[in-house]
Number of protein chains: 2
Amino acid sequence: MSKSKGIMPKASTTTQALKKYSEYLSRNGLKSTVQRDIIINEFLRVKGHLSVDELHSRLKLTHSSIGLATVYRTLKILSEAGLAHERQFQDGFTRYEYTGPGDVHHDHIVCVSCGHVEEFENRQIEELQKQEADRHHFKMLDHKFEIYGICKECQEKEQE
Amino acid sequence: MSKSKGIMPKASTTTQALKKYSEYLSRNGLKSTVQRDIIINEFLRVKGHLSVDELHSRLKLTHSSIGLATVYRTLKILSEAGLAHERQFQDGFTRYEYTGPGDVHHDHIVCVSCGHVEEFENRQIEELQKQEADRHHFKMLDHKFEIYGICKECQEKEQE
DNA sequence: TTCGCTGCAAACCATTTGCACCCAT
DNA sequence: ATGGGTGCAAATGGTTTGCAGCGAA
């Protein structure tokens, strides 16, 4: 769900992301390493809602020595750099989702049977949220909205 | 946020809850014990959004021998009996909230500073959710909607 | 050469479970 | 007396952290 607002994007989202990432590193006195590059490239390539363990398993296929802790630490950096969002659905894993530069806030609809995740944007819901926050005199910082259900494919499988 | 729909409620919510609970026990071959009674009575008395540890700490004041595992097990039973809802906000604890017989679905607005939780109902949001589920061909089972922010009291404290 | 980074193992921490004993039915 | 319940301690499992050696700047 990354949206390029410009008419003619000059660089791919991945290139922009890598740039933002390396800027974040130097601004914070952090170093570029081969492991981090491997992790980030795979993360940007997949663009799903990956759990740390899922990403680590993928990486092990081609880079067997990479440590789970390093994947955790790198995803935390991406999150702090504003390139990834931490998500917690109901399955006990923290998942990370890529966030592009022009991305609009969105929510999730999760299949409790197969784990499939779809995204949606809904302006009206966003607006109603703000109204509720105001009504309760809260300064809204964030929100979490997830719909849990059974996706089309799993409904069809159930009927067999 | 328990709403009695009747004009003249015959029994208090607590009494009704205890009845529902004991019915659940006998229907499932479970036993009534002093520990369970103590836990449930305190849970019904407080009616907040209690973490297991918070409830256990309260109970220890008057019943020092009560075990944490028993509190976990009893709240699980209450949840299965339909008298409590498991909630997970962002603080790493599972919280339990009392659910009365005529209760309408509601969502939460949570203060990230002091942990205070308020509730709200919003028909329009519920309706928009259903529309989103339909649009994505999901059979909706459940949802989770939380607004995170700073409550009025904490905003005032911040300014000092 | 300096520090940050890595992989490993150990630590964390909320929650669950195994077990020997207890008690409601 | 039977079999579920209890408290305790140990196990679980995702995530974090300490540490000795490694490598980028």
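In what follows, chains are A, B, ... by sequence order, proteins preceding strands, each numbered from 1.
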**Student:** Apply the side-chain contact (heavy atoms from CB on, under 4.5 Å) test between B:Leu75 and each candidate in B:Leu55, B:Thr70, B:Leu83; give the one that qualifies.
**Tutor:**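 The residue from B:Leu55, B:Thr70, B:Leu83 that satisfies side-chain contact (heavy atoms from CB on, under 4.5 Å) with B:Leu75 turns out to be B:Leu55.
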**Student:** Check the distance between C:dC12's C1' and B:Phe93's CZ and give it to me in whole angstrom.
**Tutor:**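 The answer, rounded to whole Å, is 13 Å.
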**Student:** Partners of B:His137 by side chain to side chain donor-acceptor pair (under 3.5 Å), sequence neighbours excluded?
**Tutor:**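 None.
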**Student:** Using atom CG of B:Asp53 as one end and atom C1' of C:dA14 as the other, report the distance to the nearest whole Å.
**Tutor:**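 These atoms are roughly 9 Å apart.
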**Student:** Using links of under 4.5 Å between side-chain heavy atoms of ILVMFWY residues, direct or through other members, which residues join B:Val117 in one cluster?
**Tutor:** A:Leu141, B:Phe89, B:Val110, B:Val112, B:Tyr148, B:Ile150
**Student:** Can you list every ring-ring contact (aromatic ring centres under 6.0 Å, His included) pair that touches residues 19-46 of chain B, not counting sequence neighbours?
**Tutor:**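 Pairs touching residues 19-46 of chain B that pass the test: none.
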**Student:** Side-chain N or O of B:Thr94 less than 4.0 angstrom from OP1 or OP2 on C:dT15?
**Tutor:** yes
**Student:** Name all pairs fulfilling the salt bridge (Lys or Arg N to Asp or Glu O under 4.0 Å) condition that reach into residues 69-96 of chain B, sequence neighbours left out, sorted by first residue then second.
**Tutor:**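 Salt bridge (Lys or Arg N to Asp or Glu O under 4.0 Å) check on residues 69-96 of chain B returns B:Glu54-B:Arg95, B:Lys76-B:Glu86, B:Arg87-B:Glu97, B:Asp91-B:Arg95.
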**Student:** For each nucleotide in nucleotides 20-25 of chain C, reading 5' to 3', give B when a protein heavy atom comes within less than 4.0 Å of its base, S when such contact involves only the sugar-phosphate, and - otherwise.
**Tutor:** ----B-
**Student:** Write down the distance between CD1 (A:Ile39) and C1' (C:dG7), rounded to a whole number of angstrom.
**Tutor:**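 Result: 12 Å.
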**Student:** List for me each residue that meets side chain to side chain contact (heavy atoms under 4.5 Å, CB included) alongside A:Ser32, sequence neighbours excluded, and say none if there are none.
**Tutor:** A:Leu25, A:Asp37
**Student:** Going 5' to 3' along DNA chain D, which nucleotides are the first and last within contact of chain B (any atom under 4.0 Å from a heavy atom)?
**Tutor:** D:dG3 to D:dC8
**Student:** Tell me which residues in residues 61-81 of chain B lie within less than 4.0 Å of DNA chain C, going by non-hydrogen atoms.
**Tutor:** B:Ala69, B:Tyr72, B:Arg73, B:Lys76
**Student:** With sequence neighbours excluded, what pairs up with B:Thr33 under the side chain to side chain donor-acceptor pair (under 3.5 Å) test?
**Tutor:**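 B:Thr33 satisfies side chain to side chain donor-acceptor pair (under 3.5 Å) with no other residue.
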**Student:** So, using side chain to side chain donor-acceptor pair (under 3.5 Å) as the criterion, who are the partners of A:His116 when residues are at least two apart?
**Tutor:**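 A:His116 satisfies side chain to side chain donor-acceptor pair (under 3.5 Å) with A:Glu118 only.
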**Student:** Could you give all pairs that pass the side-chain hydrogen bond (donor to acceptor under 3.5 Å, both in side chains) test and reach residues 123-132 of chain B, with sequence neighbours left out?
**Tutor:** A:Asn122-B:Glu132, B:Gln129-B:His143, B:Glu132-B:Arg135
**Student:** Just how far, in rounded Å, is P of C:dT15 from CG of B:Leu55?
**Tutor:** 12 Å
**Student:** What is the distance from CG of A:Leu30 to C1' of C:dT6, rounded to the nearest Å?
**Tutor:**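 Computing the A:Leu30:CG to C:dT6:C1' distance gives 14 Å.
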**Student:** With sequence neighbours excluded, what pairs up with A:Thr94 under the side chain to side chain donor-acceptor pair (under 3.5 Å) test?
**Tutor:** none
**Student:** Does a side-chain heavy-atom distance below 4.5 Å link A:Leu59 with A:Ser64?
**Tutor:** no
